[in-house]
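In what follows, a single structure is set out as C-alpha cells and then discussed.
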Amino acid sequence: MMKTVIRKYGADIFRVGLSLFVFLAAVLTGGETERIAPIAVALICVLCVGLFLLRSTKYLTLLFLQLSLLLIFCYDSFSVFVRYIWLLPVVLLGMTVYLMRKKPRFSWGASALSLVAVSVATLLGGVGMISFADYFRPASLAFMAGLGPGLIFSYWIVKNELKTGEDRDAFMRDLLYWGMTAAAIVFWYMVPFVIEVGSIFSYEVPQWSNNISTMLMIALPAALAQKNRGFRHYLLLFFMFAATLLAGSRGGQLLVGIELVACCLWAWLQEENRVKKICSGVCFICICAVAAGLLILLYYNPDIVNFTGKDEVRWKLFARGLENFRENPLFGSGLGYRGNADLFSGKQGTINWYHIFISQVVGGLGIAGILAWGYQLYTRACLSRRVWRTTDFGFALCYFGLLLMSMVNPGEFCPVPYAFLAVCFFAAIENRIEEQGVLPLRRLYMPWRK
C-alpha cells in the first residue's frame with residue numbers, strides 16, 4: 001500500500017515538502033540575508049549531491065527554482081556569499097560527474113542557431129566603445145559567459161532532459177509549485193502591511209518585489225497548462241495574479257492583466273469538450289471581470305502614474321540607449337558599460353542595466369544585437385505557433401510573462417534563473433514538435449504552411 005502511494009504521489013509529496021520548507025525559510029528568517037544564506041548554501045549542497053548521484057535532473061528542477069526564489073531576498077549580498085566561494089569547485093565537479101554519467105548528445109534543434117547568434121552578439125557587445133578594463137572586469141565576464149556560451153551549454157543539457165512528455169509535464173508542475181510558493185510568500189509579507197495602512201497603495205514596497213513579480217508572471221500560465229484542467233486551476237491562476245498585484249512591482253501590476261487574459265483565452269480556445277468549453281468560458285469571464293476591477297483601482301495609485309510619466313528613470317535610460325546606439329551602432333555599449341551609473345547604480349557583482357529590453361538590445365548590443373534578437377524572437381514565435389493546441393504552449397506563455405517583465409526590468413538579461421528558463425521553455429517545445437518528426441527550418445519559418 002505504502003509503495004503504491006509513493007509510486008503514485010511521491011513526486012507531489014516531494015514538491016509539497018520542498019515548497020513548504022522554502023516558504024517557512026523565507027518567512028521565519030524575516031527575509032534577512034545573513035539568516036537565509038546558510039539555508040541557501042545547504043540547498044546548493046543538496047543540489048550538488050543530486051548531480052553526483054542522480055542520472056536525471058528531474059528531481060533537481062524544483063530545488064533549483066526554489067533556491068532562486070530564496071536568493072531574491074539576498075539583495076546586495078556579494079560580501080556575504082563571497083565567503084562561500086569554496087562551493088564553486090564542488091558545483092563544477094558535480095556538473096562534471098553528471099555529464100560523464102549522462103553523456104548528453106548535442107541535438108541541433110530549430111532554436112540552436114538563434115542562440116548562437118545572440119551569444120555572439122553578446123560577446124561582441126561594447127567592442128569599439130568601452131575600455132579594455134570595463135570589458136574584462138569580473139562582473140562583465142560573468143554576465144557575458146552566462147548570456148553567451150552559458151545559454152548554449154544550458155540548451156545542450158535541457159534538450160536531453162526534457163525529451164518525453166512525462167518530463168515536460170513534471171517541469172510544468174514544478175513551475176506551478178514554484179509560483180504558488182512565491183504567491184504564498186507575498187501574501188504572508190504584504191497582507192499585514194495593507195491591513196496596517198488600510199490601503200493597497202500606501203504600504204512600503206519590498207526590494208524583492210520586481211523579482212518575485214517576474215517569477216509569478218513566469219509561473220502563472222503553468223496553472224492552466226496542466227492535464228485534466230479544472231476549476232481549481234483557475235483559482236490557482238487568480239491566486240498568483242492577486243499576489244502579483246499585491247507584491248507592489250509597478251511593472252507587474254501594469255502587465256500581469258495582459259498575461260492573465262492571454263492565458264484564459266488560450267485555455268478557452270483549447271477546450272474541445274463542449275461542457276468544459278462553456279465552463280472555461282464562464283471562468284474566463286469571471287476572472288477577467290474581477291481582474292479588470294482590480295486593475296482599474298491601480299489608476300488611483302500615484303506610483304503607477306509616476307511610472308508612466310516623463311520623469312520616470314526608465315525613460316531616461318531609454319534615451320541613453322538611443323545615445324549609445326548612435327555612438328556605436330554596430331555593437332552598442334556592451335554589458336560592461338558603466339555609463340548608466342548616474343541613472344542606475346548596480347550593486348557589487350552586477351552590471352548597469354538599461355531596465356528596458358528594447359534599450360538593452362538596441363543600445364547595449366547595436367545592430368548585431370537587433371538582428372540576433374530579432375531572429376531569436378521570430379524563431380520562438382514560430383515554435384510557439386506549432387504547439388498552440390497542446391499543453392506545451394504553456395511554456396510559450398511562461399516566456400511571454402518573462403518577456404513582458406523584461407520590458408521594464410532586467411528580466412531575460414539575468415542569466416540565472418530567467419535566461420536559463422527561457423532556453424528550457426523552447427527546448428521543451430522543440431522536443432514536443434520533434435516527437436511528430438524532424439521539423440525542417442523552411443517549414444518552421446513559414447508557420448502558415450501545414
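Every heavy atom of this structure was used, including side-chain atoms; hydrogens, water molecules and symmetry mates were not.
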Parallel, tilted or perpendicular: which describes the rings of [X] and [Y], with under 30° parallel and over 60° perpendicular?
X	Y	result
Phe73	Tyr189	tilted
Phe106	Trp108	tilted
Phe238	Phe241	tilted
Phe132	Phe136	tilted
Tyr399	Phe426	perpendicular

Could you tell me whether [X] and [Y] have a side-chain N and a carboxylate O separated by less than 4.0 Å?
X	Y	answer
Glu434	Lys159	yes
Asp12	Arg173	yes
Asp342	Lys316	no

For this session: Please assess Met215 against Ser68 for the test side-chain contact (heavy atoms from CB on, under 4.5 Å), listing each intermediate value before the final yes or no.
Result: CA-CA 9 Å; Met215 292 177 176; Ser68 69; 3.9 Å; yes
Problem set entry | Steps toward ring pair (Phe, Tyr, Trp, His ring centres under 6.0 Å) verdict (Phe143, Trp353) | CA-CA 11 Å; Phe143 276 88; Trp353 287 290; 5.6 Å; yes
Minimum heavy-atom distance [X]-[Y], with the two atoms named:
X	Y	answer
Ala247	Pro206	O-CD, 3.9 Å
Ala121	Ala368	CB-O, 3.8 Å
Cys424	Leu162	O-CD1, 3.7 Å

Exercise. About how many Å separate CE of Met129 and CG of Leu330, when rounded to the nearest 0.5 Å?
Worked result: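 Separation between the atoms: 13.0 Å.
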Do [X] side-chain atoms and [Y] backbone N/O form a donor-acceptor pair below 3.5 Å?
X	Y	value
Arg101	Phe52	yes
Ser19	Val16	no
Asp392	Ala428	no
Arg386	Ile429	no
Thr61	Thr57	yes

Exercise. Do you know which of Val46, Thr181, Leu65, Leu62 makes side-chain contact (heavy atoms from CB on, under 4.5 Å) with Leu18?
Worked result: Leu62
Exercise. Within 45° of the axis and under 6.0 Å from the centre of the six-membered ring of Phe395, does NZ or CZ of Arg168 qualify?
Worked result: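 Output no; distance or angle outside limits.
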For this session: State whether Trp266 and Arg229 meet the cation-pi test: NZ (Lys) or CZ (Arg) under 6.0 Å from the six-membered ring centroid, and within 45° of the perpendicular axis.
Result: yes
Quick check on the 6.0 Å ring-centre criterion: do [X] and [Y] meet it?
X	Y	value
Tyr375	Tyr378	no
Trp178	Phe23	no
Phe420	Phe64	yes

